Amino acid sequence: MKLKSSLTILAGVAMLVASPSVFAAGNEKTIFIPSFAYRTGPYAPSGIPIANGLVDYFNLVNERDGGINGVKIVYEECETQYKTDLGVECYEKLKMKGRTIVNPYSTGITYQLIPKASVDKVVIHSMGYGMTAAADGRWFPWVFNFPMTYWSQASGVVKFIGQQEGGLDKLKGKKIAHVFHNSPYGKEANPTLETLAKQYGFELILLAVDNPGQEQKATWLQIRRANPAWVYVSGWGVMNQVAIKEAAAVGYPMNHLIGNWWTGSEADVLPAGEAAKGYRSTTFTMPGADFPVHKDIIKYVYAKGKGAGERERIGEVLYNRGMVNAMFNVEAIRTAMAKFGNRPLTGDEIRWGFEHFNLTEKRLEELGMKKFTRPIAVSCENHEGNGQLLIQEWDGKRWKVASDWIEPMREVVRPNLEKAAEEEGKKLGYTRSACDKSA
Amino acid sequence: MLYRVAGQFKTTYASDQAIFPIAQDRWFALLGLVAAFVGVPLVANEYWLQAILIPFLIYSLAAIGLNILTGYAGQLSLGTGAFMAVGAYSAFKMTTAAPQLNIIIVFMLSGLVAAGVGLLFGLPSLRIKGFYLAVATLAAQFFLTWLFNKVPWFVNYASSGTITAPPRTFFGAMVTGPGATAQARYLVALALVVAFALAAKNLVRGHVGRSWMAIRDRDIAAEIIGIRPLKTKLLAFGISSFYCGVAGAELVFLYLGSAETLAFDISLSFLVLFMVIIGGLGSILGSFLGAAFIVITPILLTNVPQFIGLQLRVDLQKHIELMVFGGLIILFLIVEPHGLARLWQITKQKLRLWPFPY
């Protein structure tokens, strides 16, 4: 029992010590954005480039433009190791420093934070991951998952496979396998794949890989036996490279293997060497470091010694992903500032910015990101926006774009999504909001 | 001087057998309870309650559970995570099937379900001992988490495979779900852990606890003096799993809010086992000390560089934390192999003589 009293004292002391650092920022106008990073553990190969891209872009905005319309970005990283309990701890800690946006970078953590965020008035931007159902903004006003959800992505991949086979009707009787990380993240695409399997008459084989995914021998032997025409992989961290290596080991044709956008970075294909040539994955950002924004990052951030990572790794797939995430955050805040003024904003005001997010071709060009990603618009009802996806291919040295922008099958995804949103929303005791146009 | 026991005469059996036979201890315990129930909710901010104290209380309960089995009855178990998962998933199933059922009753019932499963997986303990038993409980760990992952009925057919704590009230106050305040959750966790710790303390001091310890120390001798191994071992498994089950339900409902089987994987079993070993095998206080050490030390270590104004990269910070934490575990085990509880006992002995040691 003594422990409890000493804990109280400890808590008091800790708060005394902690308080000065919270207010140390001074009079300068700042906006706080936390970064949930994982630079250690089995998911570090995926986590490091994302965290670097995110932070580098924030630094770029601070160094080049003096912040967002003069309001400097203050960020703090918190290590989650992709673990949900550490993610919750990070959220609680960083919440005290500012309630604005969180980018959880884990579907598991996103699921944990969705109920909390609406109470704390924090915007969750799970960019291309997280709970698909949250794309219905009438049930989940605080959660945004543009440019696209896992369901839309899966439908886009099936469409692409259809193109390769010479038409969606050719899928009838074919086998398509989904190799997924056995977690909320990996399972997310399954309902849509099941719907499409019924619709187009292909046989869906679902193969789960347990966390962290280093052991996949059995999975790929099953694939060799079933011999599906196409394999779609939803992996993350160390699972990705193992999947590609195992696919090569059982002699599965690499050009019939498609990863989702978290299963297609340099770290995933390099360990497999030559064998990974021809491997494809989806993406919504261009690969490479040839865009003006990259030059700006080198000029304003790396030249000043403020870079988060190594200069050579700028332009890696996941680096670009982190960068575009930061850009979405910044532009959403800028949208909100146009209405509420150039000052530090509350979570509620930033949410307005997300709901009225409209990234135009012209704005992308101003940002030095012309053709880097697609223009996108978000609305109150539709939090996944009108994103489209690309297919990129690994040529043994670098990623190259291997398709045009593919429009997902919205007519299939949206009705199911609205049904799921109602289900998930009711579980949390939410009610549907009207999305009033005048607001 | 402060801790003088001279002059405290025990005139009845009851006073001699009290949990805290020394007056100072009683006062400490009382003060600690008052501080925990009244002081902490007033003083601590949300971060401390939500990220540190609530998990500490929940892990303490799980550690008490494992301590009953491993520390008192001597049955090594690596299935703690699975038994916690049983508690969590059955609490979820029950409260979604019968929303009007009081959440505390749901916790108790899910503890009972976990106890049943614990009994089942405790059966091999009659034949196998030590490391072999550990392997059998390991099977429970893998089988149960696989089961919850595989059968969608357990998650009410949610496509993500996660269970989410729905909002539930207790005497009008919201205690689970996103709307519940950290204070309310903390108080529920605290009340439960205090009640269960008291129950466990009394259990291990009595007839049942003594038979557990007899089995632990020499099972053949225990059998000869008339202790039935079947009943005793299974009782230990049942009660231990009950505690773990309640802790598992609390973990999802009061702390995480939603969870998947990954939250209950083998590393959780090891974590609770480490708490018990570091805190002290066969000690209720040790369960608290162990949980505090394992839960709080990493968080303190992560925050220390910032408190002293040092800006380190998060990965470096994490690596330092792991190294220091590992070092501390080794240090404590070298200094006192019997755990933190024994260290506390030694301190008490020294305090009695202070300032005139001999």
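Note on naming: letters A, B, ... go to the chains in the order of the sequence lines (proteins, then strands), and numbering restarts at 1 for each one. Note that this is a predicted model, so its numbers are computed, not measured.
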Side-chain touch [X]/[Y], heavy atoms, less than 4.5 angstrom:
{"X": "P166(B)", "Y": "K427(A)", "value": "no"}
{"X": "N149(B)", "Y": "K187(A)", "value": "yes"}
{"X": "K116(A)", "Y": "Q50(B)", "value": "yes"}
{"X": "R39(A)", "Y": "K318(B)", "value": "no"}
{"X": "E89(A)", "Y": "Y47(B)", "value": "yes"}

For [X], is it the side chain, the backbone, both or neither that has a heavy atom under 4.5 Å from a heavy atom of chain A?
{"X": "I299(B)", "result": "side chain"}
{"X": "T96(B)", "result": "neither"}
{"X": "N303(B)", "result": "side chain"}

Under 4.5 Å from a heavy atom of chain B, the part of [X] involved:
{"X": "A308(A)", "value": "backbone"}
{"X": "E76(A)", "value": "side chain"}
{"X": "L86(A)", "value": "side chain"}

Which of the residues T302(B), L256(B), T261(B), V34(B) is involved in the greatest number of heavy-atom pairs with chain A at under 4.5 angstrom?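 Heavy-atom pair counts peak at L256(B).
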For side chain to side chain contact (heavy atoms under 4.5 Å, CB included), just list the numbers for E188(A) and S160(B), CA-CA rounded to whole Å, side-chain angles, deciding distance to a tenth of an Å, and then say yes or no. CA-CA 6 Å; E188(A) 200 67 38; S160(B) 59; 4.2 Å; yes
What I want to check is whether the side chains of K150(B) and N182(A) have a donor and an acceptor closer together than 3.5 Å. no
Salt bridge (Lys or Arg N to Asp or Glu O under 4.0 Å) for E46(B) and K95(A)? Distances and angles first, verdict last. CA-CA 10 Å; E46(B) 212 179 331; K95(A) 189 172 86 181; 2.8 Å; yes
Mind checking the CE-OG1 spacing from M131(A) to T162(B)? Nearest 0.5 Å is all I need. 6.5 Å
Considering non-hydrogen atoms only, spot the tightest contact between Y255(B) and V88(A) and give its length. CE1-CG1, 4.4 Å
